Amino acid sequence: MAKNLNEELPMDDATQNVADSFRTQIRGWYGEYKRTLPWRGLRSFYPVWVSEIMCQQTQVATVIPYFERWMETLPDVESLASATEEEVLKLWEGLGYYRRARLLQKGALFIKDNGEPETFVEMLKVPGIGPYTAGAIASIVFDEKVPAVDGNVLRVISRFRAIFEPVDTKVGRSVIEQFVEKTLISETCPGSLNQSIMELGALICRPKVPRCEVCPLKGECLAFLEHVPTDLPIKSKKVKAKKWSPFAVIYRKGDKIALKREEDKNLLSGLWGVPIVEEKPEDVDELVVVRHQFTHRDTYYQVCVSDETAEMDYFSSEELKALPISTAMKKVISAYFSNGDIGDS
DNA sequence: AACACGGGGAG
DNA sequence: CTCCCAGTGTT
């Protein structure tokens with residue numbers, strides 16, 4: 001088999017000694033300082049799966065109450081598979097990246113048909129499970145020797161080995177994955193090793209303010225010894241939010257407003273909200289501008305009211321609390337109910 | 001490879 | 001303001 005030597009890091013004796021030191025130091029640190037988390041120590045597929053999906057692009061502290069409520073309501077794959085999409089999204093309300101919740105349920109249906117995956121390769125077939133999540137579950141639940149490379153691991157390893165290749169490219173990512181898989185991961189508790197690297201990234205090897213002085217790896221960390229740790233990792237892409245000023249139309253009827261489920265192809269698909277349009281409709285009065293910053297869109301909702309009758313379902317402020325509604329739409333709706341009653345008609 | 005996809009924490 | 005968080009799917 002041909003190997004791509006360009007993507008391999010050195011694997012001499014010195015590197016192996018460094019790897020041994022890494023494992024010893026970080027395991028000791030992890031045993032003493034790891035946070036207590038609701039899913040920490042669990043070794044069955046379902047709760048680990050749910051926790052990993054919830055934690056994608058979301059800080060652990062934010063996830064905890066969502067995870068606990070989710071597990072009380074939908075404690076196993078079967079209950080998730082048979083839940084309504086509305087119920088699933090309501091449990092996810094406020095967490096963001098709502099596609100994760102819908103894919104989680106699709107995954108439950110997939111597992112209902114195909115059985116629970118038990119290997120990294122099988123897990124990749126489940127909707128919503130990518131290389132990180134497959135590695136995390138396979139190593140934590142099934143002791144498979146596979147890396148779980150998230151943002152924390154990219155940062156910790158790029159600093160530890162002084163890897164200046166951009167980590168948000170195929171090559172850069174591969175270098176990190178190869179180092180973890182070929183050099184770092186061992187037979188003993190691969191899941192704990194993966195988790196310990198992530199935990200170190202979250203608590204010590206932080207993006208802006210790393211706590212190098214108390215880091216268990218400072219003796220071998222090339223970024224700490226030879227460079228400026230905060231120069232790493234290198235990231236090549238940087239996308240800036242574009243300004244977006246659509247109209248949010250409140251169709252009112254008495255004390256109720258019209259809401260609809262957002263279409264699949266749109267932002268916030270599956271959630272409920274008022275209609276969002278690019279062009280200003282006829283016969284509406286502008287009420288207020290509500291700003292909401294998405295990652296990719298700095299949004300200025302121009303909230304308008306209309307007394308026309310819309311072909312949608314109408315809800316009172318009490319009734320809409322039962323629906324899954326995004327934080328963005330809650331701001332818009334809240335602006336209407338707090339200001340909209342004052343004035344004309 | 002580049003982009004879409006939410007919301008919030010922290011400097 | 002900025003960056004980034006236990007990433008994945010689509011184009």
Side-chain angles (χ1 to χ4, degrees), chain A residues 34-35 37-40 47-67 89 92-104 106-107 123-140 147-156 166-173 177 180 191-203 205-211 230 233-242 244 262 264-271 273 291-299 324-331:
Chain A
K34 67 184 173 191
R35 292 169 290 186
L37 303 174
W39 54 86
R40 185 86 83 199
V48 174
W49 177 37
V50 172
S51 71
E52 292 299 343
I53 300 296
M54 281 189 173
C55 283
Q56 291 173 5
Q57 297 295 286
T58 308
Q59 293 188 352
V60 163
T62 305
V63 167
I64 292 173
Y66 283 88
F67 176 81
L89 286 172
W92 208 269
E93 185 180 70
L95 252 193
Y97 284 164
Y98 297 94
R99 183 174 54 180
R100 291 181 293 171
R102 304 173 82 182
L103 287 173
L104 202 46
K106 279 186 67 179
M123 286 175 204
L124 285 177
K125 299 174 185 167
V126 179
I129 297 187
Y132 161 73
T133 305
I137 303 174
S139 64
I140 294 170
V149 178
D150 71 335
N152 289 307
V153 177
L154 290 177
R155 186 171 57 256
V156 171
V167 295
D168 54 355
T169 62
K170 200 170 195 174
V171 172
R173 187 181 187 81
E177 284 176 347
V180 176
S192 293
L193 181 69
N194 281 331
Q195 292 183 80
S196 68
I197 304 173
M198 294 189 273
E199 193 76 343
L200 189 81
L203 300 182
C205 196
R206 302 182 296 189
K208 299 292 189 63
V209 191
R211 303 171 62 198
T230 49
I234 305 290
K235 303 210 172 179
S236 57
K237 330 172 182 172
K238 48 191 102 175
V239 289
K240 53 195 168 196
K242 296 185 65 178
W244 185 43
E262 200 57 66
D264 276 2
K265 64 188 179 80
N266 292 341
L267 185 65
L268 303 173
S269 63
L271 299 184
R291 186 180 186 193
H292 182 80
Q293 301 188 61
F294 297 100
T295 302
H296 292 279
R297 302 187 201 180
D298 189 5
T299 307
I325 300 177
S326 67
T327 302
M329 281 301 104
K330 281 185 177 178
K331 286 188 193 174

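Letters A, B, ... mirror the listed sequences (proteins, then strands); counts begin at 1. These figures come from a predicted structure and were not determined experimentally.
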Using a cut-off of 4.0 Å on non-hydrogen atoms, how would the nucleic acid contact of [X] be classed: base, sugar-phosphate, or nothing?
X      : answer
A/R297 : sugar-phosphate
A/S51  : nothing
A/G96  : base
A/L37  : base
A/G201 : nothing
A/Y97  : base
A/I53  : nothing
A/S269 : nothing
A/W39  : base
A/T295 : base
A/R40  : base
A/A148 : nothing

Quiz prompt | pair A/L154-A/V149: side-chain heavy atoms closer than 4.5 Å | solution =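 Heavy-atom side-chain distance check passes, below 4.5 Å.
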Quiz prompt | Residue-phosphate contact under 4.0 Å: A/H296 side-chain N/O, B/dA4 OP1/OP2 | solution =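 Answer is yes, contact under 4.0 Å.
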NZ/NE/NH1/NH2 to OD/OE distance under 4.0 Å, [X] and [Y]:
X      : Y      : result
A/D264 : A/R102 : yes
A/E199 : A/R40  : yes
A/D298 : A/K240 : no

Exercise. Could you work out the separation of B/dC5 and C/dA6 based on their P atoms and round it to a whole Å?
Key: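 Result for the P pair: 23 Å, nearest Å.
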Quiz item: B/dG8 and C/dT8: how far apart are their P atoms, nearest whole angstrom?
Solution: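 Each nucleotide's P atom is 23 Å from the other's.
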Whole-Å distance between [N] [atom2] and [X] [atom1]?
X      : N     : atom1 : atom2 : answer
A/H292 : B/dG6 : NE2   : P     : 9 Å
A/Q293 : B/dC5 : CD    : P     : 17 Å
A/M198 : C/dG7 : CE    : C1'   : 12 Å
A/D168 : C/dC4 : CG    : C1'   : 13 Å
A/Q56  : B/dA4 : CD    : C1'   : 15 Å

Quiz item: Within the stacking criterion (centroid distance below 5.5 Å, interplanar angle below 30°), does A/Y132 stack on C/dG7?
Solution: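 The base of C/dG7 is not stacked with A/Y132 (the test needs centres under 5.5 Å and planes under 30°).
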Quiz item: A/W92 and A/Y66: aromatic ring centres closer than 6.0 Å?
Solution: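 Not close enough - the centres of the two rings lie 6.0 Å or further apart.
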